[in-house]
Structures are given as C-alpha cells and as structure tokens.
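Here the structure is laid out as structure tokens; the discussion comes afterwards.
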Amino acid sequence: MARYNPKETEPKWRDAWASAEAFKAVRDPGKPKYYVLEMFPYPSGRLHMGHVRNYAMGDVIARFKRARGFSVLHPMGWDAFGLPAENAAMERGVDPKGWTYDNIDRMRAELKELGLSIDWSREFATCDVGYYGKQQAWFLDLFERGLVYRKESVVNWDPVDQTVLANEQVVDGRGWRSGAVVEKRKLNQWAMRITDYADQLTDDLKALDRWPEKVRVMQENWIGRSKGLRFRFHFAGDAPAESLEVYTTRPDTLFGASFVGVAADHPLAEAVAANDPKAAAFIEECRKGAATEAEIETAEKRGYDTGLKVKHPFDPNWELPVWIANFILMDYGTGAIFACPAHDQRDLDFVRKYGLPVKPVVLPPGEDAAAFAVGDEAYTGPGVIYNSRFLDGLDIEAAKAEAIARIEAQGDGEGATVFRLRDWGVSRQRAWGCPIPVVHCPTDGVVPVPKDQLPVAHPADIEFGKAGNALERHPTWKHTTCPVCSGPATRETDTLDTFVDSSWYFARFANPWADEPISREDADYWLPVDQYIGGIEHAVLHLLYARFVTKALADDGQLAVREPFAGLFTQGMVTHETYRRQNGEWVEPKDIEIVAEGKTRRAMLVGSGEPVVIGDVEKMSKSKRNTVAPEEIFDVYGVDAARLFVLSDSPAERDVQWTTGGVQGAWRFVNRVWDEFDSHVPAPAGAEPDPELRRATHKLIRQVTESIDGFRFNSGIARLYEFLNLLKSNPARDAAPAVLAARQEALSAFARLIAPFTPHLAEECWARIGGEGMVVAAPWPDFDPALTEDAVKVLPVQVNGKRRGEISAPAGAEPADVEKLVLADPEIASKLEGLTVRKIIVVKDRIVNIVAA
RNA sequence: GCCGCCGUAGCUCAGUGGUAGAGCGCAUCCUUGGUAAGGCUGAGGUCGGCAGUUCAAUCCUGCCCGGCGGCACCA
C-alpha cells in the first residue's frame with residue numbers, strides 16, 4: 001500500500017479548488033442562500049489552534065451546505081485596528097500599518113493552507129481606507145439621526161501612555177501596559193445611544209431561537225431591564241431641595257416603607273454635607289471604602305441619618321426619615337430609594353443595624369396575618385397584600401398597578417422602565433483606529449465632514465513610537481478648514497472603538513466593492529448571517545454592539561434585517577497540559593518527552609531528561625507556554641488530520657484537549673481511509689449489493705447528516721470511525737461481487753461524507769474511485785429511510801426486569817406474534833419453570849418483559 | 001447569594017425509559033519485504049450519591065455532593 005502523502009495531495013487540491021473558483025459566492029435565484037461566518041481574527045501574525053478549530057467548524061458547515069444545494073457565502077476578513085499594533089510600534093519602532101499588513105499576509109497564507117472554502121475575493125481589513133471610510137459615512141448618518149452624540153463622561157486615564165483605557169485594560173487599578181495608577185478623568189467623549197434600543201435589544205432576544213440560551217441570558221442581564229415606578233417624595237419642613245425622586249420595582253410595598261435613602265454622592269447628600277461636618281465625614285468614608293469590587297460586595301451596610309423627613313405619598317401625616325446609605329448606587333435609577341425592609345434583604349440588614357421599623361405587607365400563602373413576622377430574612381416570594389389600606393387583598397401584580405395608577409393620578413410620578421445598560425462610549429485617544437469624521441470650528445462648533453470629503457484618512461507620515469495620540473501630535477493633519485464658514489478649524493483626533501469596526505463587517509461582506517457602505521440589494525439577499533461561529537467571550541460586547549448597529553442602520557433604511565445573526569454557535573477552546581520545571585519555569589510541549597508506566601505518566605525534558613511536573617490542562621496561551629504551533633502539526637500530519645482531530649475529540653461547544661496521541665489517531669484514520677480507497681476494486685456489472693453493508697451505509701449517511709446539522713461533529717466523526725472498521729472487515733481483496741457492489745456505494749458515500757472534515761483526502765479518494773468531477777461540486781449523498789432500519793430485530797427478553805435471553809423477530813412484528821415466539825423459546829421456558837406468567841409487555845422492535853411469580 | 005451547564009471505561013466523549021458504546025491509551029499475540037509502520041485478540045464500568053415514579057431508571061422527578069461558567073448591594 002502506498003502511504004498517504006498529504007504534502008503532495010493537499011496543495012494539489014487547494015490549487016484545483018482555486019482555479020475552479022469553487023467557493024465564489026454567487027447570488028443564484030434558483031437556490032436557497034446560506035451565509036456562514038466565523039468571527040474574523042485580529043491579525044496578531046500567527047495562527048493558533050483556536051483559529052484552526054473555529055475556522056474548521058465554519059468550513060464544515062459551509063461545505064456541507066454547499067453540497068446540499070445552497071448558494072453559500074463564506075467570507076473572511078481582518079479586525080485590524082487596535083492597540084497591539086501601536087504597542088508593537090512603541091516597543092519595536094515599527095509602523096503599525098506595515099506591521100498589521102505584514103501580519104495579515106502571514107496569516108492569510110496560513111488560513112489558506114487550512115483549505116477553507118472561503119470566497120477570498122471578498123476579503124478586506126477594517127484598517128483598509130476603503131472600509132473605514134464607509135464606516136465614517138454611516139457614522140455621520142447616525143450622527144444626523146441623533147444616535148451619536150458628545151458627552152462628558154468619567155473615563156480611565158493612563159497618565160503615562162496618555163490615553164483612555166477600557167475597563168478590561170485596567171488591572172488592579174493600574175494600566176496593563178504602563179503599570180501606572182489609572183486616574184478617573186472627565187472627558188468630552190463620543191457616544192452612541194444604544195440605550196434608545198434597550199427595549200428592542202431585550203425583546204428581540206426571544207426570537208433568536210438558534211442562539212445559545214446562555215448568551216441570551218447574559219445579554220438580558222447586561223441590559224438589565226426592570227419595570228417599576230419613579231416618583232417624588234415631598235419634604236416635611238425645611239429641606240435643601242423641592243422633592244426627592246426615587247425609583248422602585250416594588251410600589252406594591254409602599255405601605256411597608258421604613259425610611260428613604262440616598263447614595264453618598266447624591267446631590268441631596270452633598271447639600272446636607274455642606275452644613276453638616278458629620279455627614280461630610282460619612283460621605284468621605286463611603287468613597288474611600290469602595291475601592292475594589294470585592295470590598296463593595298462584602299461591605300457592611302452603613303448609614304447616616306440626615307435629620308430630614310419626607311411625607312409618605314399616600315398619607316401626608318406619615319413621615320419617613322431620610323438617610324444617606326453606602327449601599328445605594330448613584331448611577332442606577334435615581335440614586336435614591338424608599339426602603340421596605342420586610343421584603344428586601346438589603347433594607348432589612350440596614351434597619352436591623354439602626355433599629356428602624358419592619359412592617360410586613362405581603363402575606364405568604366398559608367400564613368396567618370396576625371402571627372406572620374419577618375426575622376433576619378426578607379420575604380420576597382408571592383402572596384397577598386395586607387397592612388396596606390386600599391391595596392389590601394390584592395396580589396402583588398395588581399397592587400403594583402394600583403399603586404402606580406394612584407401616584408400618576410396624584411401627579412407625583414409615573415410608571416417607568418429602567419436599564420442597567422449605559423450608552424456606548426466610542427472615543428479612543430489612539431491613532432490606529434477609524435478617525436471620527438468631524439471638525440471643531442471656533443464659530444460653528446462641531447461640524448460633520450461633508451460626505452464628498454470622505455474618507456478622512458490617516459496621514460501617511462504618522463509618527464508613532466511615543467506615548468499618546470499620534471494624530472493629536474501630527475504637525476499638520478488636524479489643521480483644516482470649517483466646511484461651513486471656511487475659517488480655520490481642527491479635526492477630531494479621537495478614533496472609534498474597534499468594536500465599531502466589527503459591528504457591521506458582516507453586512508459589508510455582502511458586497512465589499514459597493515460605493516455605499518452597504519449594498520441594499522446584496523445585503524437583502526445574503527443577510528442575516530445564517531450561522532455565526534465564535535467564542536463565548538463576545539457574548540455581551542461584540543454581539544450586543546452588532547445587534548444595536550444593525551437596528552440603527554435598519555431604521556436609517558440601510559438594512560432590511562433587524563437582527564444580524566439568525567444562528568449563533570459558541571465554540572469551546574483548545575487546551576493543553578501545562579509543564580513546569582522544578583524552578584517553576586513553564587516548558588513548551590515540544591520540549592517534553594512523556595513516558596507512560598502502566599497508568600501513570602511522567603514527563604521529562606528532551607535531551608537532559610530533567611523531570612518536569614505535569615500541571616493542569618488549560619487554554620493554550622503564550623504565558624503558560626502550552627501551545628502547539630499549527631504549522632508544525634500541518635508539516636508532520638497534514639492539514640486534514642489536524643482539522644479532524646480538533647473536531648473529533650470533544651463536542652464543538654466544549655473545550656478540546658490537544659494531545660499528541662489524539663492527532664496521531666486522526667492521522668492513522670486518514671491513512672486507513674486512504675488504504676480502503678487505494679485497494680478499491682470496481683464491482684462486476686450487475687452485481688447485487690450485499691444488503692447488510694448497504695444498510696450500514698445508509699445508516700451512516702443518515703447519522704453523519706444529522707450530526708452535522710446538529711453541530712455534533714464529534715459524534716458524526718465517531719460514526720465514520722466505526723464505519724471504517726466495518727469496511728475493514730469487508731475487504732475488497734478476494735471479495736464476493738455482492739460485497740464489491742456494496743463497497744462501491746459505500747466508498748462513494750464515504751468520500752462525500754468526510755469531505756467537510758478532511759476535504760483534501762476526500763478529493764483524493766473521490767478521484768481514486770473515479771468520481772465525477774471534484775467532491776466540492778458533488779451533491780451530498782442521499783439515504784433511503786427504509787434502509788436505515790434493520791429487517792430483523794433482536795429483542796432482549798426480560799423476566800421480572802432482568803435479562804434472561806433474546807429472540808429474533810421481523811421488524812414491526814405484532815406483540816401477539818412476538819409473545820408466541822417468546823413462549824416457544826426453550827431457553828426462556830426454562831427460566832420460567834415453576835413460575836406463573838402474570839403479564840407480558842412487548843415494546844415493538846425493542847424488548848419483551850415477562851412479569852411472573 | 002442567584003442563574004446556567006456538566007458528572008458514563010485510565011483519558012476525551014457518544015448514547016438510550018428496555019442487550020452499556022466509540023476513539024485514544026493499556027495488555028497479549030502475530031507480522032519484521034507497508035517497518036520511526038501494519039494487524040489480531042483482550043482487560044477495564046454499582047452510567048456522581050440517595051430517594052420516588054414504573055413491569056423496567058444511566059435516562060423521568062425531587063433532594064444532596066462535586067466541577068465549570070456567567071451575574072451580583074441594580075432598589
């Protein structure tokens with residue numbers, strides 16, 4: 001047998017696909033469309049195993065759908081703006097643009113080596129002026145619609161690097177790169193009104209039935225919609241303000257009110273502090289205490305009684321004290337609350353400390369009104385309202401509605417929906433991003449750059465290599481003239497958050513050559529993305545921003561769809577064992593030799609033999625040095641074996657552990673497959689195929705088809721492994737004509753079934769058995785449902801629930817007939833000796849149970 | 001604390017209200033002219049624990065234990 005040689009066959013087939021333009025996406029009115037997309041990569045310069053797995057999955061879907069007759073769009077691009085390029089510029093004195101495009105060239109070559117069925121003609125990078133110029137165009141459209149605005153906001157400022165940092169870039173209060181203590185600064189920042197869409201973004205999640213439940217829940221939590229009542233308390237006596245506005249989700253418990261509280265940085269608290277040193281001291285303490293999240297979580301409830309009183313909205317004679325409390329957040333709701341300790345744990349903890357009253361107003365089912373009391377645990381369950389005058393006897397929902405109606409009638413407030421979501425701050429003080437296309441004019445203020453002057457491109461001679469914003473520093477770039485008055489003006493030097501770049505790229509892929517940002521005609525055909533694939537780490541950020549931008553552009557008439565991704569799949573990571581020397585140094589897998597002694601394994605350094613500690617299995621990362629370079633694997637085992645392994649060893653949504661043994665197993669499979677095809681013998685004309693092998697083939701087609709449809713790639717591959725064993729036990733050599741005929745059908749199907757996973761091998765196999773054209777153009781094999789069922793069923797026979805024998809019966813045999821067969825069976829009869837048969841339960845085609853005593 | 005996912009062979013995982021499976025690993029043997037390879041055979045499981053429903057539970061229900069992830073003073 002000739003050994004399979006991937007180094008020779010793999011490039012050959014990639015060339016053949018390229019010259020046939022096999023993956024060109026075409027709008028074909030005669031076919032249903034299918035848009036499959038994997039989250040595009042950041043061009044770091046090197047492909048890692050996580051990319052291999054992510055893109056292999058998308059490729060399986062793309063090839064499968066193509067074979068099933070869909071017109072498929074499967075594009076690729078680069079999320080190419082961002083900090084790493086500027087950091088490389090600073091560390092190595094290179095040009096970010098050159099660095100980025102060099103990386104893209106390297107990674108494109110590696111991705112192409114993977115044999116992905118991508119329409120490369122649509123490729124673009126977000127740092128192409130042809131892309132970000134279009135982004136500037138729709139940015140201005142949203143600006144015109146009022147969805148983009150400038151606001152003062154507090155940001156993380158790195159005083160050494162002279163830039164704003166995202167929250168993720170602040171580690172323990174210090175800039176992740178400079179190590180400098182991050183300052184809070186108030187800056188004029190560009191923001192997008194994502195909060196205008198908070199309701200839609202929540203409601204529309206329900207219709208995303210092909211998204212993981214987990215991601216939908218995470219987005220729902222992040223947006224954090226709550227419905228309640230916003231209303232004003234009126235002060236009793238002198239006070240520094242007219243009234244105090246609070247927000248509550250429990251207006252039904254208003255008669256259980258114990259006190260009113262405000263956040264330490266609430267204007268009222270500050271007003272009180274102006275004349276009350278003790279209050280000022282308390283506020284100061286609160287600010288200091290809230291240094292880290294962990295401290296906030298565990299912080300004890302503390303408060304300060306301002307001495308002010310407010311009137312209960314339903315009883316002017318009932319006065320409630322006003323406290324400043326450390327557990328109230330200024331940036332949620334109105335920064336002020338009314339407290340009902342009987343039915344809110346935080347309020348209860350607070351009043352237990354300060355001796356304020358606790359009055360229950362919700363009676364749990366089955367409790368006695370006279371006896372029910374709240375101890376150290378607030379009651380938040382269902383029940384009937386009592387102790388509440390006109391609300392008595394109502395359930396919680398009815399009481400909420402009634403309380404809101406009364407407050408509204410009094411003119412003291414209104415029903416309100418409050419969100420946790422904040423507007424999206426998109427300004428970055430970085431040069432390597434999409435310039436914000438506006439100018440600042442001393443007479444006309446903020447003026448958008450006219451569309452016919454777009455794109456606002458980076459200057460060619462941009463000087464990186466120093467901290468801070470190189471656009472700001474550039475000697476001439478920012479000086480321009482005002483489009484309105486033609487007087488001198490300056491350009492905005494902030495650039496857009498790179499999440500803006502990735503919030504619409506999927507729409508640009510529909511027609512990346514279009515003059516307008518999005519070609520309606522092409523987008524209407526291709527969108528939404530039918531299957532989107534990527535990591536769970538984008539569950540909130542990218543996936544939320546993309547949904548928002550899609551809705552905003554749809555309202556502007558630039559898109560028809562209101563959701564970008566009809567189906568979402570979040571794949572697991574690639575992990576590997578970690579290795580450490582005695583001195584704690586991490587060691588790469590390729591420098592390790594593993595010795596198995598029975599069931600235990602020892603690791604040592606290659607060469608020196610120094611023992612190495614085998615550590616936990618963790619996500620492949622540079623810092624733990626537990627990475628395996630894809631190109632080295634491709635070199636030894638070929639691309640197909642690598643693709644096969646990352647898909648075969650775990651369910652797609654779970655992590656997969658990379659092991660040498662595993663990839664060798666995949667490599668052996670590739671060779672065994674080739675062996676079967678290489679030994680192929682055509683069947684003599686007119687031979688009837690062996691029925692058993694034939695049934696197995698049709699069962700396999702069904703199983704693999706269903707596995708791919710359900711994203712159970714590992715399961716489908718397991719069936720292919722099993723089937724290969726079956727082929728091995730029905731070899732072509734010296735085979736009867738019936739077996740050869742059945743093998744012919746089996747191999748023809750098998751070559752097409754493995755094509756999504758190991759496309760190069762599939763082509764080689766297909767050619768070996770004389771398949772027509774290439775597998776990429778061949779239709780997916782069909783199965784005959786009748787052939788996927790066995791003609792004769794083996795039914796286990798149980799006596800009182802324990803297996804006592806088995807019988808064979810034709811498929812679909814009636815229970816009465818099966819009963820006769822069972823009772824006639826001598827082995828079973830012997831087991832029934834001395835017993836009286838009470839009942840026989842026959843489950844068609846499955847099992848028989850005899851109840852006897 | 002709340003929500004979600006997971007627990008099946010040494011490892012990674014299929015699977016089903018009715019006979020417990022695959023790949024890898026391990027062991028035995030064969031091959032030594034596919035040879036830094038190939039093949040045969042085999043061992044290995046109280047299906048996390050306890051209870052319930054059922055003729056029958058790894059599967060359904062409840063409780064508990066363990067692991068992972070997300071959210072968390074959000075009024």
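Not measured: the values here are computed from a predicted model. Lettering of chains follows the sequences in order, A, B, ..., and the numbering in each one begins at 1.
An OP1 or OP2 oxygen of B:A72 is reached within less than 4.0 angstrom by a side-chain nitrogen or oxygen of A:Arg420. When the side-chain nitrogen and oxygen atoms of A:Tyr247 are compared with OP1 and OP2 of B:A75, none of them lie within a distance under 4.0 Å. Of the side-chain N and O atoms in A:Arg654, one or more sit less than 4.0 angstrom from OP1 or OP2 of B:A14. Put simply, A:Arg668 has a side-chain N or O that comes within less than 4.0 Å of OP1 or OP2 on B:G25. The phosphate of B:A75 (OP1 or OP2) has a side-chain N or O of A:Ser226 nearer than 4.0 angstrom.
Ion pairing of A:Arg702 with A:Glu706 is present here, as a side-chain N (NZ or NE/NH1/NH2) and a carboxylate O approach within less than 4.0 Å.
Going from atom CG of A:Asn714 over to atom C1' of B:U12 covers 10 Å, rounded to whole Å. Rounding to whole angstrom units, CD of residue A:Gln703 and C1' of B:G23 are separated by 15 Å.
Using C1' as the reference atom, B:C59 and B:U53 are 14 Å apart when rounded to the nearest Å.
The cationic atom of A:Lys301 (NZ for Lys, CZ for Arg) lies less than 6.0 Å from the six-membered ring centre of A:Phe327 and within 45° of the ring axis.
In RNA chain B, runs of at least 3 consecutive Watson-Crick or G-U pairs, each pair with both distances below 3.5 Å, span B:1-7 with B:65-71, B:10-13 with B:21-24, B:48-52 with B:60-64.
Looking at residues two or more places apart in sequence or on another chain, you find no ring-ring contact (aromatic ring centres under 6.0 Å, His included) involving A:Tyr304. Contacts of A:Phe338 classified as ring-ring contact (aromatic ring centres under 6.0 Å, His included), with partners at least two apart in sequence or in another chain: none. By the side-chain contact (heavy atoms from CB on, under 4.5 Å) test, A:Val374 is found to be paired with A:Ala342, A:Leu348, A:Val358, A:Pro360, A:Phe372, residues two or more places apart in sequence or in another chain being considered. Every residue was checked against the salt bridge (Lys or Arg N to Asp or Glu O under 4.0 Å) condition with A:Lys619, not counting sequence neighbours, and none meets it. Considering only residues two or more places apart in sequence or on other chains, A:Lys7 meets the side-chain contact (heavy atoms from CB on, under 4.5 Å) condition with A:Asn5, A:Asp635. Under the ring-ring contact (aromatic ring centres under 6.0 Å, His included) criterion, A:His538 pairs with A:His542, sequence neighbours left out. With sequence neighbours excluded, the residues satisfying side-chain contact (heavy atoms from CB on, under 4.5 Å) with A:Arg216 are A:Leu205, A:Leu208, A:Trp211, A:Glu213. Residues passing the side chain to side chain donor-acceptor pair (under 3.5 Å) test with A:Gln345 are A:Asp349, sequence neighbours excluded.
Mapping A:Tyr721 and A:Lys728 onto RNA chain B by nearest heavy atom places A:Tyr721 closer to the 5' end of the strand.
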Pairs of donor and acceptor atoms involving the side chains of residues 256-269 of chain A, under 3.5 Å and at least two apart or interchain, shall be tabulated with distances.
residue, atom, partner, partner atom, Å
A:Ser258, OG, A:Pro357, O, 2.8
A:His266, ND1, A:Leu268, N, 3.0

Under 3.5 Å between N/O atoms: give me all the protein pairs with nucleotides 67-70 of chain B, atom names plus distance.
residue, atom, partner, partner atom, Å
B:G69, O2', A:Lys214, NZ, 3.3

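Residues from residues 336-349 of chain A with heavy atoms under 4.0 angstrom of RNA chain B, sorted by number: A:Ile337, A:Arg346.
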